[in-house]
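Below: the structure, in structure tokens.
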Amino acid sequence: EIYTLSLHDALPISASGVLTNFAAPRAELQFDGRVSAADAGSLLHVKLLDRGAADVAGTARWLGGDRYLVDGKLRASGLEYRGAYVQLRGFQADAAFSAANSGVIVNAVRLAGNAGGMPVSGDVREITLRAGNLDLHGIDLSALGGTFHGEAEVRGFERFTVTGDLSGVEARRAVAQYSSTTLPWNSLLSGRLEAEGLLRRKNELRASAALTLDPAPGSAPVHGQVNATYDTRAGTLDLGRSTLALPSSRAEFSGVLGKQLTVHLETRDLNDFLPVLRPEAASLPVKLHGPAAFDGTVTGALEDPQASGR
């Protein structure tokens, strides 16, 4: 009978079990312990997280030679990841897991934490880790008053892709992530989202969304269709053909912000737009006395757009 097992000095795992069939040895152990993010990285030969730890317990079976099976449950806390575009802090997670020579599978993941400054909670049906590739299936998350359902994959622990559908995300909450000025209207955003890039390198993100804006409870009606593709390497935001009908304004966009964007705008109140723009624009002391219209183009770099027209 085996009472204590230590995989290495930094990873103490207490275990007890039985070794059988000395001619062709087999073993079955009941184990429990606490594994840090650094410990997991050492075992898997890859850095998955920057911080955090998990309490684990389960059964490990040695099948002879280098063959093994491990089944158990985990409860993790304090999980953090700091990438070029993904910032995860204070995450907690509960899940079942299994491991074998072919890889690791984590099932029925329940999680909650802070992603990029916003609270996120939800479930992931299955996470698999095989040969340096990470796949997430059945992602079901709640954030900004809405939900995201989709899939994600990471190849070589560097290149990632995310695809899925947004539903009921509140425009007011989304704008509040980067603007201190409250949006005077609200809307529910739904549609398809796709993104790809490199986890730890900037200027390697391409994200596209085909979103519908519908009225939100307690707000004046807002409708719209936004088709956008953001490319950090090109420094562009392609708006295709997009329309917005706000409480006091209507806007039509076509083209690429960062190259040339054609704009038709009719408004009775610029405050419909100012909170969506950069903070310095939102603070401009602009007042309208009656309706106004603008037809023109926006050119120049994405960080410094220049408008011309009438």
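Residues take their numbers from the sequence shown, with the count starting at 1.
Arg155 has a carboxylate O that lies under 4.0 Å from a charged side-chain N of Glu153, or vice versa, which qualifies the two as a salt bridge. Using a 4.0 Å cut-off between a side-chain N of Lys or Arg and a carboxylate O of Asp or Glu, Arg61 and Asp71 qualify as a salt bridge. Look at Asp32 and Lys73 and you find no salt bridge, because none of the NZ, NE, NH1 or NH2 atoms lies under 4.0 Å from a carboxylate O. In this structure, Glu158 does not pair ionically with Arg200, as no charged nitrogen and carboxylate oxygen lie closer than 4.0 Å. Glu266 and Arg250 are not joined by a salt bridge, as no carboxylate oxygen comes within less than 4.0 angstrom of a charged side-chain nitrogen.
Considering every non-hydrogen atom in both Phe91 and Ala115, the closest pair reads CE1-N, 4.1 Å. For the residue pair Pro247 and Ala220, the shortest heavy atom distance occurs at CG-CB, 3.7 Å. The two atoms that bring Ile127 and Val109 nearest to each other are CD1-CG2, 4.0 Å, heavy atoms only. Nearest heavy-atom pair, Leu79 versus Leu49, reported as atom, atom and distance to 0.1 Å: CD2-CD1, 3.8 Å. The heavy-atom pair separating Leu302 from Gly235 by the smallest distance is CB-O, 3.5 Å. Nearest heavy atom pair, residue Asp165 against residue Arg192, reads OD2-NH1, 3.1 Å.
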Next on the checklist: Using the rule given for side-chain hydrogen bond (donor to acceptor under 3.5 Å, both in side chains), can you reason through Thr59 versus Gln30, listing the C-alpha separation, both sets of side-chain angles and the distance that settles it, and then say yes or no?
Outcome noted: CA-CA 5 Å; Thr59 301; Gln30 305 299 314; 2.9 Å; yes
Item to check | Thr243 and Gln225: CA distance, side-chain angles, deciding distance, side-chain hydrogen bond (donor to acceptor under 3.5 Å, both in side chains) verdict | outcome: CA-CA 5 Å; Thr243 62; Gln225 187 72 41; over 6 Å; no
Checklist entry - After noting the C-alpha distance and the side-chain angles of Asp238 and Thr229, does the key distance pass the side-chain hydrogen bond (donor to acceptor under 3.5 Å, both in side chains) rule? => result CA-CA 5 Å; Asp238 187 341; Thr229 299; 5.5 Å; no
Next on the checklist: Before you tell me yes or no, could you show the steps for Val104 and Thr128 under side-chain contact (heavy atoms from CB on, under 4.5 Å), namely the whole-Å CA-CA distance, both residues' side-chain angles and the distance that decides it to 0.1 Å?
Outcome noted: CA-CA 6 Å; Val104 178; Thr128 63; over 6 Å; no
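Applying the side-chain contact (heavy atoms from CB on, under 4.5 Å) test between Trp62 and each of Leu19, Leu69, Leu29 identifies Leu19 as the sole match.
Hydrophobic clustering places Val226 together with Leu193 (ILVMFWY residues linked when any side-chain heavy atoms are closer than 4.5 Å, directly or through intermediates). Leu199 and Tyr85 fall within the same hydrophobic cluster, where Ile, Leu, Val, Met, Phe, Trp and Tyr residues are linked whenever their side-chain heavy atoms come under 4.5 Å apart, directly or through other members. With hydrophobic clusters built from ILVMFWY side chains whose heavy atoms lie under 4.5 angstrom apart, Ile105 does not share a cluster with Tyr68. Hydrophobic clustering keeps Leu144 apart from Leu188 (ILVMFWY residues linked when any side-chain heavy atoms are closer than 4.5 Å, directly or through intermediates).
Every residue two or more places apart in sequence or in another chain was checked for a side chain to side chain donor-acceptor pair (under 3.5 Å) with Gln260, and none qualifies.
Side-chain atoms of Thr299 and Gln306 include no donor-acceptor pair closer than 3.5 Å. When only modelled atom types and interatomic distance are considered, Asp272 and Ser249 share a side-chain donor-acceptor pair under 3.5 Å.
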